[in-house]
Undergrad: 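Just passing along the structure, written as structure tokens.
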Amino acid sequence: MKVLDAAFVQGFIRLCDDGFKQNWHERNGGNLSYRIKPEEVEAVQEELSYDKPWQPIGTSVPDLAGEYFLVTGSGKYFRNVILDPAANICIIQVDEKGESFRICWGLVNGGRPTSELPSHLMNLEVKKRQTNGRYRVVYHAHPTNTIALTFVLPLEDKVFTRELWEMATECPVVFPDGVGVVGWMVPGGRDIAVATSQLMKKYDVAIWAHHGMFCSGEDFDLTFGLMHTVEKSAEILVKVLSITSNKLQTITPENFRDLAADFKVSLPEEFLYEK
Ligand code: 2HA
Ligand code: ZN
């Protein structure tokens, strides 16, 4: 099978286009990665090549040794992925130590995988371990309202989680574990990758102050839906804060406990504090 005919590649391309249409991907902003299933690698094997050099990842991901990933290219624009996928995305393989990668397909006009490859691979490794291999997608975007909130809310997990939960009743059902926040850091390297992957042990969402958001999930729909839900909630909060500094009513800790019981999710008490 051709790489471009594979369902996982079509799903990847669709997410890139959906994200661009949400206005989350100005210029070359954002990046996406998918840990490919062995049977999916097998299906496109005829198009994979193994003559490109191994290059250092910049961090170590031993639990991803030998695995294949579909990732966006560094400096490439999400809006161009649907027009020319083979020039803007690539399949990489990680080596047997989990320290290097090589490009096996794509980036036909040259280039390298996303500048955030260390964060993507470290997050995918954490999620692979924690979910017994279920989670395969890591998505980074620059959603406007979530970024705006990082200028006005304290950069604390418990504040962001509670404020976002309060803005829409379905939020605690969609992200019952809450969201983590990373204070401002230089992007693109190992340090921010380590900080983010620490948060990914506890959450499916990590917000980078004054920069954007990382989400992780089982598949493209769940991961895109998670980003979409958090950003929608952030948009409501931006509107509420723009109208007033004093909410007349909101969803209370007791309401959240009732919701948790009915929807059969467990909401950590650390987020249900009295204000
Ligand atoms: O430009 O979003 O964080 C790609 C990015 C880096
Ligand atoms: Zn970014």
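Counting begins at 1 with the first residue of the sequence. Indexing begins at 1, ligand by ligand and atom by atom, following the structure's order. Heavy-atom basis, side chains included; hydrogens, waters and symmetry copies ignored. Owing to the predicted nature of the structure, the values given are computational and were not obtained by experimental measurement.
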Undergrad: Taking only protein atoms, how many N, O or S atoms are found under 2.8 Å from the Zn ion (ligand 2)?
TA: 3
Undergrad: Is there a salt bridge (charged side-chain N to carboxylate O under 4.0 Å, His left out) between Asp204 and Lys127? Walk through the geometry before answering.
TA: CA-CA 9 Å; Asp204 289 344; Lys127 288 301 182 189; 2.8 Å; yes
Undergrad: Under 4.0 Å from any heavy atom of His140, which atoms of ligand 1 are there?
TA: 2 (O), 3 (O)
Undergrad: So if I count the atoms of ligand 1 from 1 in the order they appear, which ones are less than 4.0 Å from some heavy atom of Glu116?
TA: 3 (O), 6 (C)
Undergrad: Among Arg257, Lys158, Arg162, find the residue that satisfies the salt bridge (Lys or Arg N to Asp or Glu O under 4.0 Å) test when tested with Glu269.
TA: Arg257
Undergrad: Report the part of His142 (side chain from C-beta onward, or backbone N, CA, C, O) that has a heavy atom under 4.0 Å from ligand 1; answer both or neither where that applies.
TA: side chain
Undergrad: Compute the shortest N/O to N/O distance between Pro187 and ligand 1 and return yes if it is under 3.5 Å, no if not.
TA: no
Undergrad: Does some non-hydrogen atom of His211 fall short of 4.0 Å from ligand 1?
TA: yes
Undergrad: Say whether Val108 and Phe101 are linked into one hydrophobic cluster, either directly or through other cluster members, by side-chain heavy-atom distances under 4.5 angstrom.
TA: no
Undergrad: Verify, without hydrogens or angle tests, whether Ser233 (side chain) and Thr229 (backbone) share a donor-acceptor contact under 3.5 angstrom.
TA: no
Undergrad: Quick one: ring pair (Phe, Tyr, Trp, His ring centres under 6.0 Å) partners of Phe224, sequence neighbours excluded?
TA: Trp24, His228
Undergrad: Do Met1 and Tyr68 belong to the same hydrophobic cluster, where Ile, Leu, Val, Met, Phe, Trp and Tyr are linked whenever their side-chain heavy atoms lie under 4.5 Å apart, directly or via other members?
TA: no
Undergrad: Would Arg136 and Glu40 pass as an ion pair if we require N to O under 4.0 Å?
TA: no
Undergrad: Is the His25 to His142 ring centre distance short of 6.0 Å?
TA: no
Undergrad: When you measure from atom 5 (C) of ligand 1 to every protein heavy atom, which one gives the shortest distance, and what is it?
TA: Asn31 ND2, 3.5 Å
Undergrad: In this structure, is the centre-to-centre distance between the rings of Tyr34 and Phe220 below 6.0 Å?
TA: yes
Undergrad: So is there a nitrogen or oxygen of Asn28 less than 3.5 Å from a nitrogen or oxygen in ligand 1?
TA: yes
